[in-house]
Amino acid sequence: MGKRKFYVVWVGREPGVYEDWDDCREQVMGFPGARFKAFDSQVAATLAFRGDPADEASIIMSIAGHNAAQAHSSEHLSLGEIPEINPDAIAVDGACAGNPGRMEYRGVDVKSGIELFHVGPLEDGTNNVAEYLALVHALAYLYNKGDSVTPVYSDSRTARSWVKSRGCRTKLTRTSRNGKIFELLARADIWIQTHSTSNPVLRWDTDLWGEIPADFGRK
């Protein structure tokens, strides 16, 4: 049996705390600008619901991303057939339409396919930047949960190398539209330089295993 989840709906048909995903889905499915998030305990969910949803903005789940992640996991990935994959892990990926272009990234639970966080779209970014931010976000997500064991999969050699060297090496040019991206990069660099983590950062072998579960499916 999987770990019990509690769902906070800040923006939906009936905002509140829900103990069942189906009940939560009824409040957000097809609702414009729906904002919600899963929590591991009822206490955390209740406190988050009483607080400011803007404080949770970086890891709010999106209904489209949640459904896409579940569909991708069930269609393309059979964990039982690939014993090399650790199912108790987070997979991250980024996408960018253009170089630079509209950029976003997310993290997905490998076993369930559920989207854990999703940021973007943001204008004038790059794929490497998205992959790096996704990887740091996942490490911070686990750190904040007190989890020093769960591994993180990434199929980006560049992102893994930037994390290893504790800072991005992007040549992205600042524009009038990508200030938020540079703000996220500065925060990510500071975080990775000031926090020590032991979560394994693993290479997702796309050639052998297919697309990473967090893939946006735009190739």
Side-chain angles (χ1 to χ4, degrees), residues 8-12 15 28 30-37 48 51-69 72 90-108 115-144 152-195 197 201 204 211-212 214-219:
V8 173
V9 176
W10 285 281
V11 181
V28 298
F31 191 92
R35 301 183 72 185
F36 64 103
K37 182 187 167 188
D52 184 353
D55 294 337
E56 306 286 342
S58 64
I59 45 180
I60 296 286
M61 298 168 67
S62 70
I63 185 68
H66 185 281
N67 290 342
H72 185 278
I90 293 176
V92 299
D93 196 28
C96 191
N99 188 33
R102 180 168 289 186
M103 179 200 90
E104 59 189 311
Y105 68 82
R106 68 181 180 180
V108 168
E115 187 176 79
L116 302 175
F117 57 83
H118 186 170
V119 176
L122 301 171
E123 299 296 337
D124 291 352
T126 68
N127 195 69
N128 284 339
V129 166
E131 299 269 16
Y132 170 69
L133 289 174
L135 190 47
V136 176
H137 194 141
L139 292 172
Y141 172 86
L142 292 169
Y143 182 91
N144 290 336
V152 181
Y153 281 109
S154 169
D155 62 7
S156 170
R157 177 185 300 176
T158 297
R160 296 195 306 273
S161 69
W162 287 356
V163 165
K164 185 176 182 179
S165 61
R166 295 187 175 274
C168 71
R169 301 290 184 269
T170 183
K171 296 181 181 179
L172 179 64
T173 301
R174 187 184 290 270
T175 71
S176 60
R177 303 195 300 172
N178 63 11
K180 179 63 176 180
I181 291 176
F182 277 90
E183 177 186 330
L184 291 173
L185 282 173
R187 288 168 55 187
D189 284 352
I190 291 173
W191 193 92
I192 202 69
Q193 291 163 13
T194 56
H195 291 75
T197 63
V201 175
W204 183 269
E211 297 297 343
I212 194 166
D215 181 64
F216 283 85
R218 298 176 185 167
K219 294 179 178 61

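Atom set for the values below is all heavy atoms of this structure, side chains included, hydrogens, waters and symmetry mates excluded. The model shown is predicted, which means the values in this text are computed figures rather than measured ones.
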So, do [X] and [Y] sit near enough that their side-chain heavy atoms are less than 4.5 Å apart?
X    : Y    : answer
K37  : W10  : yes
L133 : V119 : no
V129 : C168 : no

*Can you check side-chain contact (heavy atoms from CB on, under 4.5 Å) on L139 and I192, steps first, answer last?*
CA-CA 9 Å; L139 292 172; I192 202 69; 4.0 Å; yes
Distance from [X] atom [atom1] to [Y] atom [atom2], nearest 0.5 Å?
X    : Y    : atom1 : atom2 : value
L116 : Y141 : CG    : OH    : 4.5 Å
M103 : T126 : CE    : OG1   : 7.5 Å
D155 : D93  : CG    : CG    : 5.0 Å

Provide the closest heavy-atom pair for [X] versus [Y] in the form atom of the first, atom of the second, distance.
X    : Y    : result
A130 : G94  : CB-CA, 3.8 Å
G125 : L172 : CA-CD2, 4.2 Å
A91  : A214 : O-CB, 3.4 Å
G98  : C96  : O-SG, 3.1 Å

*Check each of T158, T170, L185 against Y132 using the side-chain contact (heavy atoms from CB on, under 4.5 Å) test, and report the only one that passes.*
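Running side-chain contact (heavy atoms from CB on, under 4.5 Å) over T158, T170, L185 with Y132 returns exactly one hit, L185.
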_Y105 and side-chain hydrogen bond (donor to acceptor under 3.5 Å, both in side chains): which single residue from H118, E131, H137 fits?_
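It is H137, the one option of H118, E131, H137 that forms the side-chain hydrogen bond (donor to acceptor under 3.5 Å, both in side chains) with Y105.
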_Show, in sequence, the C-alpha distance, side-chain angles and deciding distance for W162 and L135, and conclude whether the side-chain contact (heavy atoms from CB on, under 4.5 Å) test is met._
CA-CA 10 Å; W162 287 356; L135 190 47; over 6 Å; no
_Restricting to ring-ring contact (aromatic ring centres under 6.0 Å, His included), what partner residues turn up for Y143, sequence neighbours left out?_
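Residues passing ring-ring contact (aromatic ring centres under 6.0 Å, His included) with Y143: W191, H195.
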*Assess whether side-chain contact (heavy atoms from CB on, under 4.5 Å) is satisfied between L142 and T197, documenting all intermediate values.*
CA-CA 9 Å; L142 292 169; T197 63; over 6 Å; no
*Between R160 (side chain) and S154 (backbone), is there a donor-acceptor pair under 3.5 Å?*
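It does hold such a pair.
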_According to side chain to side chain donor-acceptor pair (under 3.5 Å), who are the partners of R177, at least two apart in sequence or on a separate chain?_
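R177 satisfies side chain to side chain donor-acceptor pair (under 3.5 Å) with D124 only.
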*Check the surroundings of atom CZ in R157: do more than 12 heavy atoms from other residues, nucleotides or ligands lie under 6.0 Å from it?*
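Result for CZ/R157: open.
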_Set out, in order, the CA-CA distance, both residues' side-chain angles and the distance that settles side-chain contact (heavy atoms from CB on, under 4.5 Å) for L184 and L122, then state yes or no._
CA-CA 11 Å; L184 291 173; L122 301 171; 3.7 Å; yes
